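A short write-up of the structure that comes next.
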Protein chains: 2
Amino acid sequence: MNIAQHLSTHDIKPSYQRIKIYEYLYEKMNHPTVDVIYKNLVGEIPTLSKSTVYNTLKLFIDKGITSTLTIEDNEVRYDAAIDSHGHFKCTSCGAIFDIKYDFKDVAMNKLKGFEVKETQVHVKGKCNQCLTK
Amino acid sequence: MNIAQHLSTHDIKPSYQRIKIYEYLYEKMNHPTVDVIYKNLVGEIPTLSKSTVYNTLKLFIDKGITSTLTIEDNEVRYDAAIDSHGHFKCTSCGAIFDIKYDFKDVAMNKLKGFEVKETQVHVKGKCNQCLTK
DNA sequence: TCTAAATTTGTAATCATTACAAAAATAAAT
DNA sequence: ATTTATTTTTGTAATGATTACAAATTTAGA
Ligand SMILES: [Mn+2]
Ligand SMILES: [Mn+2]
Ligand SMILES: [Zn+2]
Ligand SMILES: [Zn+2]
């Protein structure tokens, strides 16, 4: 995947910071917070500002190449995956896993005549690894 | 429903503030924020403090008679309904509707061996009423 | 009544996010 | 190449919800 190309295609000028931020999201796929992104890139981009991270992510969302999840109520997380999928967060190790779900059985009875734009599914508990040790 | 009784049963001393706050949650069933609860009760309880609202809701959650939803990333909402159910928020009028969903089709494929403690389903869009006018 | 414990309250601290204007970088025009 | 305009980045201040904490008040017990 050519990241500069991908940004351009979506009407985003591929500046150095934007490329690095998207690259981080896309390659790690770790649902990071702004702070995590910042801390991981400031070594390579010493002049980086948190404002830039916020600005850039807002732009990515506007242009539709990034999504957000609010699985904890005090921090927004970001995801380069934009297809509809849910998330599981292990309360023990903190890892976040993607989960697939079938929307057909989710809420369809009550939502007749409603226009659905966005769905989030958040599950919390303990992951496989944490349970077996 | 006798609210004082209900609180006592769940190991919560039924003070005046606690009764009024639970009464608000239970009778309105409107998924309010702390601020909404405070503004609606301060007329009747002029000395009420927002701290009390926060403290009381935390206690209710600890004791298991209230649940939270984070359908917007900048505000927590509270719900006297504690059974597992999802929520639909109309982005036009702001109303929040309860929705039922079937967990059997939600994520079961990927979650083998995981221990699920809590699930949240959040849907956004436009409600029936807002669409037809 | 006197004393101890629980509850409520007000205020300050925290922390993620937003607002905003200056600085730096990039592109366009001359 | 130099100037000018536009875009992007940056730093700092403002905002707003939540938490921390200690004083004041209320409630319960001796
Ligand atoms: Mn994801
Ligand atoms: Mn509800
Ligand atoms: Zn784990
Ligand atoms: Zn509506």
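Fair warning: this is a prediction, and the values are worked out from it, not measured in the lab. FYI, side chains are in, hydrogens and waters are out, and symmetry mates aren't considered; it's all heavy atoms of this structure. By convention in this document, chain letters (A, B, ...) are assigned in the order of the sequence lines, proteins followed by strands, and residues within each chain are numbered from 1.
Between the C1' atom of C:dG10 and the OH atom of B:Tyr38 lies a distance of 10 Å, rounded to the nearest Å. Atom pair B:Arg77:CZ and D:dA17:P shows a separation of 12 Å (rounding to whole Å applied). In this structure, the CG atom of B:Leu57 is 14 Å from the C1' atom of D:dT19, given to the nearest Å. As a whole-Å value, the separation of A:Asp73 CG from D:dA17 C1' is 10 Å. Computed from coordinates, the A:Leu59 CG to C:dT17 P distance equals 17 Å when rounded to whole Å. Distance NZ (B:Lys63) to P (C:dA6): 12 Å, rounded to an integer number of Å. The separation between B:Lys39 atom NZ and D:dA17 atom C1' is 12 Å, rounded to whole Å. Computed from coordinates, the A:Glu72 CD to C:dT17 P distance equals 13 Å when rounded to whole Å.
Taking 4.0 Å as the cut-off between side-chain N and carboxylate O, B:Lys39 and B:Asp35 count as a salt-bridged pair. The pair B:Glu27-B:Lys20 fails the salt-bridge criterion, with no side-chain N (NZ, NE, NH1 or NH2) lying under 4.0 Å from an Asp/Glu carboxylate O. With salt bridges taken as basic N to acidic carboxylate O contacts below 4.0 Å, one links A:Lys124 and A:Glu72.
Among all heavy-atom pairs drawn from A:Arg77 and A:Lys89, the shortest one is NH2-NZ, 4.0 Å. Here the shortest heavy-atom pairing between A:His87 and A:Ile99 reads N-CG1, 3.5 Å.
Under the 4.5 Å side-chain criterion, counting only non-hydrogen atoms from C-beta, B:Ile3 is not in contact with B:Pro14. In this structure, B:Cys127 and B:Ser92 have side chains that are not in contact, with every pair of non-hydrogen atoms separated by 4.5 Å or more.
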*Which dot-bracket string describes DNA chain C (Watson-Crick N1-N3 plus N6-O4 or O6-N4, or G-U N1-O2 and O6-N3, all under 3.5 Å; [ ] crossing; | other strand)?*
||||||||||||||||||||||||||||||
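Side-chain atoms of A:Tyr78 and A:Thr33 include no donor-acceptor pair closer than 3.5 Å. Using a 3.5 Å distance cut-off with no hydrogens or angles, the side chains of B:His6 and B:Tyr22 do pair a donor with an acceptor. A:Tyr38 and A:Thr52 share no donor-acceptor pair across their side chains, judged by distance under 3.5 Å alone.
Taking the six-membered ring for Trp, B:Phe97 and A:Phe114 have ring centres closer than 6.0 Å.
DNA chain D lies under 4.0 Å from no heavy atom of any residue of residues 8-34 of chain B. Of all the residues in residues 42-56 of chain B, B:Thr47, B:Leu48, B:Ser49, B:Ser51, B:Thr52, B:Asn55 reach under 4.0 Å from DNA chain C with at least one non-hydrogen atom.
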